[in-house]
Enquirer: 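The structure follows.
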Amino acid sequence: MDRSAFPSSLKDYGEILPYGGASTSTIRRKLLIDLDAAFSACNIQDGATLSFHHHLRNGDAVLNMVLAVAARRGLKDLQIAASSLFPVHEPLVEHIRRGTVTGISAGFISGPVAEAISRGELEKTATLRTHGGRARAIEDGELSIDVVFVAAPAADPCGNLSGSFGPRAFGTMGYPKSDVLAARHVVAVTDTLMPFPLAQIEIDQQSVDWVVEVDRIGDASGILSGITKPTTEPIGLEIAQRTADVIEASGLLVPGFSLQNGAGGISIATASVLAKRMTLLGVKGSFASGGITDFHVQMLENDLFESLLDVQCFDLSAVQSYIRNPRHLGMSASVYANPNQRGSVVDMLDAVVLGAAEIDLDFNVNVTTRADGKIMGGSGGHADTADGAKLTIITTRLNAAGFPKIVEKVGTITTPGKTVDVLVTEAGIAVNPQRDDLVERLHSSGIKLCNIEDLQQKAAAGSQRQPCHPNEGRIVAVSQYRDGTVTDLIRQV
């Protein structure tokens, strides 16, 4: 039929556009010569928001490389939206002092950057979000990202990315997945460029605008930082044993049991104790989730769990497991803990075991500031999992470095007490009064309980000095809950 005879539209079809013979296929070159070229390609200007992820943890080099380029280009007022910041990011302090960076948001901040913020050196108020809250903020448009720089252990020229290949392989790439869907520009930074098509793709080419090859994206040995090592101290191991007792007595340690352990020495040691209990009882769980360690890998390989749901590998054993074991599954931070998801993984947890810098008489937990009021971390997944799990257990010693860890009032509320069920210490176990059902279960199992007030008094008696959190002066950071509300304000020290 002669196309000139086509009607302009059909009632039940709409406008008719005749084929004109032009090809619709295009091949776009995504490889750029360096990071400076990426700044030009993305037209990064003063005031832009740049996001980064922390799968290499204290071994990450990408953020420092990117900000070095920003400083050379004379950019100012940049906003950094990182999933977490570590001591390795110390060069960021000088960028703050020079005005290259004026704002920071993250789920966790430690080291020199945290101290600089605490001293009031950052021009704008920092925002500390939970991991799930960060994903929610990005997907809801609350946190708008201009460019995300994705550290990729392997990439192909079309922009397919994987965490499973290359000398800096770190496994699952859970944290940047919300960023790449929402950011205006996506730049993959890799030190291992492989032929198309890349295998085991974590982030595909449709989400990536540009690819930059560098010498090294970081040091994979930095994945294992101090807080992801299990305790070997007798007191910590005793607390881990008591924690396993509580989980067993709660009635949750049955087939299909699901678990998460926080990134603390006692919390991780609890996984080893639970493995023995599950073996003894013949219990096979459904999944363990969160940041995955060697202990979780061993439990999977010993058939104690059906699967692992991994948002971030916490050690190199977990990386290898993720690469080779099809039952070791990756998930995005949004699937993991976004409260606005149709069903986040944290809401399906039976038990979570978490640590604390401080816990108070109302069971509020602080994992954000030290006893001197300086920022030392942040929620990460702490508040997310405490809210979602059926049983939330906080494990801690009574004292550390001469300070009491059980106090009348925490310096910073990271995780609200209404989401905490049990406190386990070397001096006893206390249950949140709102959990009468749990009190009855533990009593009937022969577990002796005490009041949190008694534990607080023992902690005070065993301390040599008291916490000193500033309660006035400039607000340097906001501690945000997973739904976007504010749990506390952090002031300059």
Side-chain angles (χ1 to χ4, degrees), residues 47 49-54 63 67 77-97 99-138 142-145 175 227 263 355-358 360 364-384 386 407 409-416 467-493:
T49 297
L50 311 181
S51 84
F52 303 87
H53 65 96
H54 70 287
L63 184 147
L67 291 185
D77 194 30
L78 296 179
Q79 312 302 302
I80 302 303
S83 52
S84 289
L85 295 170
F86 289 87
V88 72
H89 298 121
E90 182 176 8
L92 177 52
V93 175
E94 190 59 33
H95 296 305
I96 291 171
R97 291 170 180 165
T100 303
V101 172
T102 59
I104 292 175
S105 68
F108 178 96
I109 306 176
S110 66
V113 177
E115 297 204 359
I117 294 171
S118 297
R119 291 191 299 265
E121 295 191 43
L122 186 67
E123 181 179 322
K124 298 177 182 177
T125 304
T127 302
L128 286 162
R129 293 183 169 91
T130 72
H131 285 328
R134 181 180 185 274
R136 174 203 55 77
I138 292 170
E142 176 186 317
L143 177 56
S144 179
I145 297 171
Y175 285 114
I227 62 169
E358 295 177 321
D360 67 22
N364 297 308
V365 179
N366 171 23
V367 291
T368 301
T369 52
R370 303 188 319 207
D372 60 4
K374 291 181 180 179
I375 297 169
M376 50 149 256
S379 172
H382 199 287
D384 294 313
V407 296
K409 184 178 180 181
V410 295
T412 303
I413 298 176
T414 310
T415 297
C468 182
H469 297 278
N471 53 19
E472 58 183 26
R474 182 193 165 195
I475 296 168
V476 296
V478 172
S479 177
Q480 196 180 92
Y481 196 54
R482 61 192 306 233
D483 62 0
T485 57
V486 173
T487 59
D488 221 330
L489 304 174
I490 302 165
R491 298 183 183 272
Q492 182 175 335
V493 297

Enquirer: For the atom pair CG (Leu67) and CG (Leu92), what is the distance rounded to the nearest 0.5 Å?
Expert: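 Reported to 0.5 Å precision, the distance equals 6.0 Å.
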
Enquirer: Can you find a heavy atom in the side chain of Asp488 that is under 4.5 Å from one in the side chain of Asn366?
Expert: no

Enquirer: Closest heavy-atom contact between Ile109 and Ile117?
Expert: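 Nearest pair, atom of Ile109 first, then Ile117: CD1-CD1, 3.9 Å.
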
Enquirer: For the atom pair NZ (Lys409) and CD (Glu358), what is the distance rounded to the nearest 0.5 Å?
Expert: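 Nearest 0.5 Å value for the NZ-CD distance: 11.5 Å.
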
Enquirer: Compare every heavy atom of Gly373 with every heavy atom of Pro470, then report the nearest pair and how far apart it is.
Expert: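 Of all heavy-atom pairs spanning Pro470 and Gly373, the closest is CD-CA, 4.1 Å.
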
Enquirer: Any chance you could measure Leu489, atom CG, to Ile413, atom CD1, to the nearest 0.5 Å?
Expert: 10.5 Å

Enquirer: Picking from Thr130, Asp384, Thr415, what satisfies side chain to side chain donor-acceptor pair (under 3.5 Å) with Arg482?
Expert: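 Only one option passes, and that is Asp384.
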
Enquirer: Taking the side chain as C-beta and beyond, is there a heavy-atom pair between Asp372 and Val493 under 4.5 Å?
Expert: no

Enquirer: Check Ala82 against Leu85 and note the closest heavy-atom contact, atom names and distance.
Expert: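 Shortest heavy-atom separation between Ala82 and Leu85 comes out as CB-CD2, 3.7 Å.
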
Enquirer: Under a 3.5 Å threshold, yes or no: a donor from one side chain and an acceptor from the other, between Gln492 and Ser118?
Expert: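 Looking only at side-chain atoms, Ser118 and Gln492 do not form any donor-acceptor pair under 3.5 Å.
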
Enquirer: Looking just at side-chain N and O atoms, do Thr369 and Thr412 make a donor-acceptor pair shorter than 3.5 Å?
Expert: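 Their side chains do contain a donor-acceptor pair, which is all the 3.5 Å distance test asks for.
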
Enquirer: Is the number of heavy atoms from other residues, nucleotides or ligands under 6.0 Å of Glu90 CD greater than 12?
Expert: no

Enquirer: Grab the two heavy atoms, one from Glu123 and one from Arg474, that are nearest each other, plus how far apart they are.
Expert: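 Minimum heavy-atom separation between Glu123 and Arg474: O-NH2, 3.0 Å.
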
Enquirer: Would you say that Ile490 contacts Leu128 through its side chain, given a criterion of any heavy-atom pair below 4.5 Å between the two side chains?
Expert: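 Yes, side chains in contact.
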
Enquirer: Closer than 4.0 angstrom, basic N to acidic O: yes or no for Lys124 and Asp77?
Expert: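 Asp77 and Lys124: salt-bridged.
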
Enquirer: Search all heavy atoms of Ser84 against all heavy atoms of Gly107 and return the closest pair with its distance.
Expert: OG-C, 4.4 Å

Enquirer: For residues Ser83 and His54, is any side-chain donor paired with an opposing acceptor at under 3.5 Å?
Expert: yes

Enquirer: Would you say that His95 contacts Ile80 through its side chain, given a criterion of any heavy-atom pair below 4.5 Å between the two side chains?
Expert: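 Counting from C-beta outward, His95 and Ile80 never come under 4.5 Å.
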
Enquirer: What are the two closest non-hydrogen atoms of Pro87 and Ser110, and how far apart are they?
Expert: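 It is CD-OG, 3.4 Å.
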
Enquirer: Within the 3.5 Å criterion, strictly below it, is a donor on Thr487 or Ser479 matched to an acceptor on the partner's side chain?
Expert: yes

Enquirer: Evaluate the criterion side chain to side chain contact (heavy atoms under 4.5 Å, CB included) for residue pair Asp360 and Val407; output intermediate values, then yes/no.
Expert: CA-CA 5 Å; Asp360 67 22; Val407 296; 4.2 Å; yes

Enquirer: Short question: side chain of Arg129, backbone of Ser105 - any donor-acceptor pair under 3.5 Å?
Expert: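 No: the side chain of Arg129 does not pair with the backbone of Ser105.
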
Enquirer: Tell me if a side-chain donor or acceptor on Arg134 pairs with a main-chain N or O of Ala81 at a distance below 3.5 Å.
Expert: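 A pair under 3.5 Å: yes.
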
Enquirer: What verdict does the ring pair (Phe, Tyr, Trp, His ring centres under 6.0 Å) test give for His131 and Phe108, after you've listed the backbone C-alpha separation in whole Å, the side-chain angles of each residue and the deciding distance to 0.1 Å?
Expert: CA-CA 9 Å; His131 285 328; Phe108 178 96; 8.3 Å; no

Enquirer: Heavy atoms, side chains only, cut-off 4.5 Å: are Glu142 and Gln480 in contact?
Expert: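 The answer is yes; the side chains approach within 4.5 Å.
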
Enquirer: Taking 4.0 angstrom as the limit, do Arg491 and Glu472 come out as a salt bridge?
Expert: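 Glu472 and Arg491: not salt-bridged.
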
Enquirer: Below 4.5 Å, heavy atoms only, C-beta onward: do Gln79 and Leu50 meet side chain to side chain?
Expert: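 Sidechains of Leu50 and Gln79: no contact.
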
